[in-house]
Amino acid sequence: MTEEALDVIVVGSCMTDLVSQAPRLPKAGETIHGHKFFIGFGGKGANQCIQAARLGAKTAMVCKVGKDFFGDNYIQNFKDNGVHTDFVGQSSGSATGAASIIVNSAGENAIVIVAGANMLLGSEELQKALPAISHAKVLVCQLEISPQTSLQALRLAQKNGVKTIFNPAPAIPDLDPDFYRVSDVFCCNESEAELLVGSPVANVEEANQAGQELLKRGCGSVIITLGSQGCVVVKTQESISKHVPPTPVMAVDTTGAGDSFIGALAFYMAHYPTMILEEMAHRANQVAGRSVQAAGTQTSYPFRDDLSAELF
């Protein structure tokens, strides 16, 4: 497998989602009745990888799961979605990561994650995957694994001329400054941008300012997603930020929409390398917009055939 060039490699997390749907989110100390429960596949890294694969990218996942029921199921899920699993490790020392998710009737969510085996992913696994990483078109990382592992993966990719997308999520305030310098595309949502720049990011104008600040730290370009307000794209070679408006949709469940966006962005960067970034963001917005119209995380991610031919 390492001999054939991959489109997208994701180094990141796998989580088993334990999802409860309820009329509203409970207050502290409160027990409420939900009306539906299901178990799904999640984790930012795996989500992004599976969305890219469903659009037609040749993908591989570099990750760690437990030697348990959830871990076995996750490996099968990758295979079912056409993701290469040569670099999915299983650990007996820690359980597969899990996320407890509550979704209210407005589609808003509250999430608690326990990283488990995700935190055991390190240099050894990256070295094993290096032949594949060095020949990939795009590498994607986030922060649901050890930040140092993500940083090392991004450095390896950059050294080998592989395009990088970094998603600083879940956001940490003391982000290593090197992350900016190894990110061809630094892609975050409004709350992550707010934490990183230390000022409010609630609208397009504030996102423009935050994007310019992040750009000064060394990124190739910055995308700040703003949910129902679309996203803002800022590039080093252009002084003006570009607002990419959304396509209005009726949201059923927003869980994993940001990951759908990033997976789609990785697909477009790999398949249409000469396309301008705003157009890639516009198309990725359309893909993510489709995902919020169905319940669940990966269950809501569209396949290529579900989408308008114009997107390809």
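Keep in mind that the numbers below use all heavy atoms, side chains included, and drop hydrogens, waters and symmetry copies.
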- Note on the structure: Value for CD1 (Ile102) from OG (Ser20), rounded to nearest 0.5 Å, stands at 6.0 Å
- Task: First locate atom CZ of Arg155, then atom OG1 of Thr164, and finally report the distance between them rounded to the nearest 0.5 Å.
- Result: 12.5 Å
- Task: Using atom types as modelled and distance alone, determine if a side-chain donor or acceptor of Thr254 lies under 3.5 Å from a backbone N or O of Gly107.
- Result: yes
- Ion pair check, Glu30 and Arg24, cut-off under 4.0 Å: yes
- Message: Between Lys58 and Asp7, does any side-chain N to carboxylate O distance fall below 4.0 Å?
- Response: no
- Query: Does one hydrophobic cluster hold both Leu6 and Leu130, with members joined at side-chain heavy-atom distances below 4.5 Å?
  - Reply: yes
- Message: In this structure, would Val8 and Met275 fall into the same cluster of hydrophobic residues linked by side-chain contacts under 4.5 Å?
- Response: yes
- Query: Are any of the side-chain heavy atoms of Val185 and Met269 separated by less than 4.5 Å?
  - Reply: yes
- Task: Check whether more than 12 heavy atoms from other residues, nucleotides or ligands sit under 6.0 Å from atom NE2 of His35, and answer yes or no.
- Result: yes
- Task: State, with a plain yes or no, whether a side-chain heavy atom of Leu307 is found less than 4.5 Å away from one of Leu55.
- Result: yes
- Task: Taking the side chain as every heavy atom from C-beta outward, state whether Phe87 and Met61 have any atom pair closer than 4.5 Å.
- Result: no
- Distance col, row Thr255:OG1 vs Asn109:CG, nearest 0.5 angstrom, shows 4.0 Å
- Should Leu214 and Cys188 count as side-chain neighbours, where that means a heavy-atom distance under 4.5 Å? yes
- Task: May I ask you to decide whether Arg217 forms a salt bridge with Glu213, counting only side-chain N to carboxylate O separations under 4.0 Å?
- Result: yes
- Donor-acceptor pair, side chain of Thr236 and main chain of Ser221, under 3.5 angstrom: no
- Message: Checking side-chain polar atoms at under 3.5 Å, does Thr96 have a donor or acceptor matched by the opposite partner on Asp68?
- Response: yes
- Contact summary for Pro168 and Leu196, nearest pair of heavy atoms: CG-CD1, 4.0 Å
- Item | Test applied, side-chain contact (heavy atoms from CB on, under 4.5 Å); reference residue, Tyr301; option that passes from Arg290, Arg54, Gln48 | Arg54
- Query: Would Met15 and Glu144 satisfy side chain to side chain contact (heavy atoms under 4.5 Å, CB included), going step by step from the backbone distance to the final call?
  - Reply: CA-CA 10 Å; Met15 294 276 177; Glu144 275 182 347; 4.3 Å; yes
- In short, Asn104 meets Pro23 closest at the heavy-atom pair CB-O, 3.7 Å
- Query: How about Phe69: does its CZ atom have over 12 heavy atoms from other parts shown lying under 6.0 Å from it?
  - Reply: no
- Item | Residue Lys163 excluded, over 12 heavy atoms near NZ under 6.0 Å | no
- Spacing of CG belonging to Leu18 relative to CZ belonging to Phe70, to within rounding of 0.5 Å: 5.5 Å
- Message: Test your reading of the model: is there a side-chain donor-acceptor pair from Gln90 to the backbone of Gly66, 3.5 Å cut-off?
- Response: yes
- Query: Hey, mind stepping through Ile224 and Phe186 against side chain to side chain contact (heavy atoms under 4.5 Å, CB included) and telling me if it holds?
  - Reply: CA-CA 8 Å; Ile224 299 178; Phe186 189 95; over 6 Å; no
- Item | Flag, side chain of Gln158 to backbone of Leu154, donor-acceptor distance under 3.5 Å | no
- Judged by atom type as modelled, is there a donor-acceptor pair below 3.5 Å linking the side chain of Asp259 to the main-chain atoms of Gly256? no
- Is the closest side-chain heavy-atom distance between Val138 and Phe267 below 4.5 Å? no
- Item | Salt-bridge present (Asp72, Lys67; N to O < 4.0 Å) | no
- Task: Indicate yes or no: at least one non-hydrogen side-chain atom of Pro246 is less than 4.5 angstrom from one of Ser228.
- Result: no
- Message: Test of understanding: clusters of I, L, V, M, F, W, Y form through side-chain heavy atoms closer than 4.5 Å, transitively. Do Val11 and Val83 belong to the same one?
- Response: no
- Closest heavy-atom contact between Ser94 and Leu120? CB-CD1, 3.7 Å
- Closest non-hydrogen atoms of Ala52 and Thr59, given as atom of the first, atom of the second and distance, are CB-CG2, 4.0 Å
- Message: The test is side-chain hydrogen bond (donor to acceptor under 3.5 Å, both in side chains); show your working for Ser300 and Gln293 and say whether it passes.
- Response: CA-CA 7 Å; Ser300 73; Gln293 296 175 67; over 6 Å; no
- Message: Using a 3.5 Å distance criterion without hydrogens, assess whether the side chain of Asn160 forms a donor-acceptor pair with backbone atoms of Val162.
- Response: no
- Message: Rounded at 0.5 Å granularity, tell me how far CG in Leu143 sits from CD in Glu192.
- Response: 8.5 Å
- Message: Ignoring hydrogens and geometry beyond distance, is a side-chain donor-acceptor pair present between Asn81 and Asn77 at under 3.5 Å?
- Response: yes
- Item | Pairwise distance NZ(Lys128) to CD1(Ile133) - rounded to 0.5 angstrom | 12.0 Å
- Message: Set out, in order, the CA-CA distance, both residues' side-chain angles and the distance that settles side chain to side chain contact (heavy atoms under 4.5 Å, CB included) for Cys141 and Phe179, then state yes or no.
- Response: CA-CA 10 Å; Cys141 287; Phe179 271 112; over 6 Å; no
- So if you build clusters from Ile, Leu, Val, Met, Phe, Trp, Tyr with side-chain heavy-atom gaps below 4.5 Å, do Phe38 and Ile111 land together? yes
- For Asn47 and Thr297, does a side-chain donor sit closer than 3.5 Å to a side-chain acceptor? no
- Query: Judged by atom type as modelled, is there a donor-acceptor pair below 3.5 Å linking the side chain of Ser91 to the main-chain atoms of Gly93?
  - Reply: yes
- Provide the closest heavy-atom pair for Ser183 versus Phe166 in the form atom of the first, atom of the second, distance. OG-CB, 3.2 Å
- Message: Using a 3.5 Å distance criterion without hydrogens, assess whether the side chain of Asp253 forms a donor-acceptor pair with backbone atoms of Gly296.
- Response: yes
- Message: Looking only at the side chains, is there a donor atom on one of Gln76 and Asp80 sitting less than 3.5 Å from an acceptor on the other?
- Response: yes
- Flag the pair Val244 / Asn285 as yes when at least one side-chain heavy-atom distance between them is below 4.5 Å, and no otherwise. yes
- Task: Quick one: closest heavy-atom pair of Pro302 and Ser291, and the distance?
- Result: CD-CB, 4.2 Å
- Counting distance only, does the side-chain N/O of Thr247 pair as donor-acceptor with the main-chain N or O of Gln286 below 3.5 Å? no
- Query: Under a 4.5 Å cut-off applied to non-hydrogen side-chain atoms, are Val287 and Gln51 in contact?
  - Reply: yes
- side chain to side chain contact (heavy atoms under 4.5 Å, CB included) between Asn208 and Gln212: does it pass, once the steps are laid out? CA-CA 6 Å; Asn208 283 335; Gln212 297 290 353; 5.6 Å; no
- So, Gln209 and Ser199: side-chain donor and acceptor under 3.5 Å apart, yes or no? no
- Task: Answer yes or no: is there a donor N or O on one side and an acceptor on the other, between the side chain of Lys235 and the main chain of Glu278, under 3.5 Å?
- Result: no
- Query: Same cluster for Val182 and Ile165 if Ile/Leu/Val/Met/Phe/Trp/Tyr side chains link at under 4.5 Å?
  - Reply: no
- Please state whether the rings of Phe41 and Tyr74 are parallel, tilted or perpendicular, taking 30° and 60° as the class boundaries. perpendicular
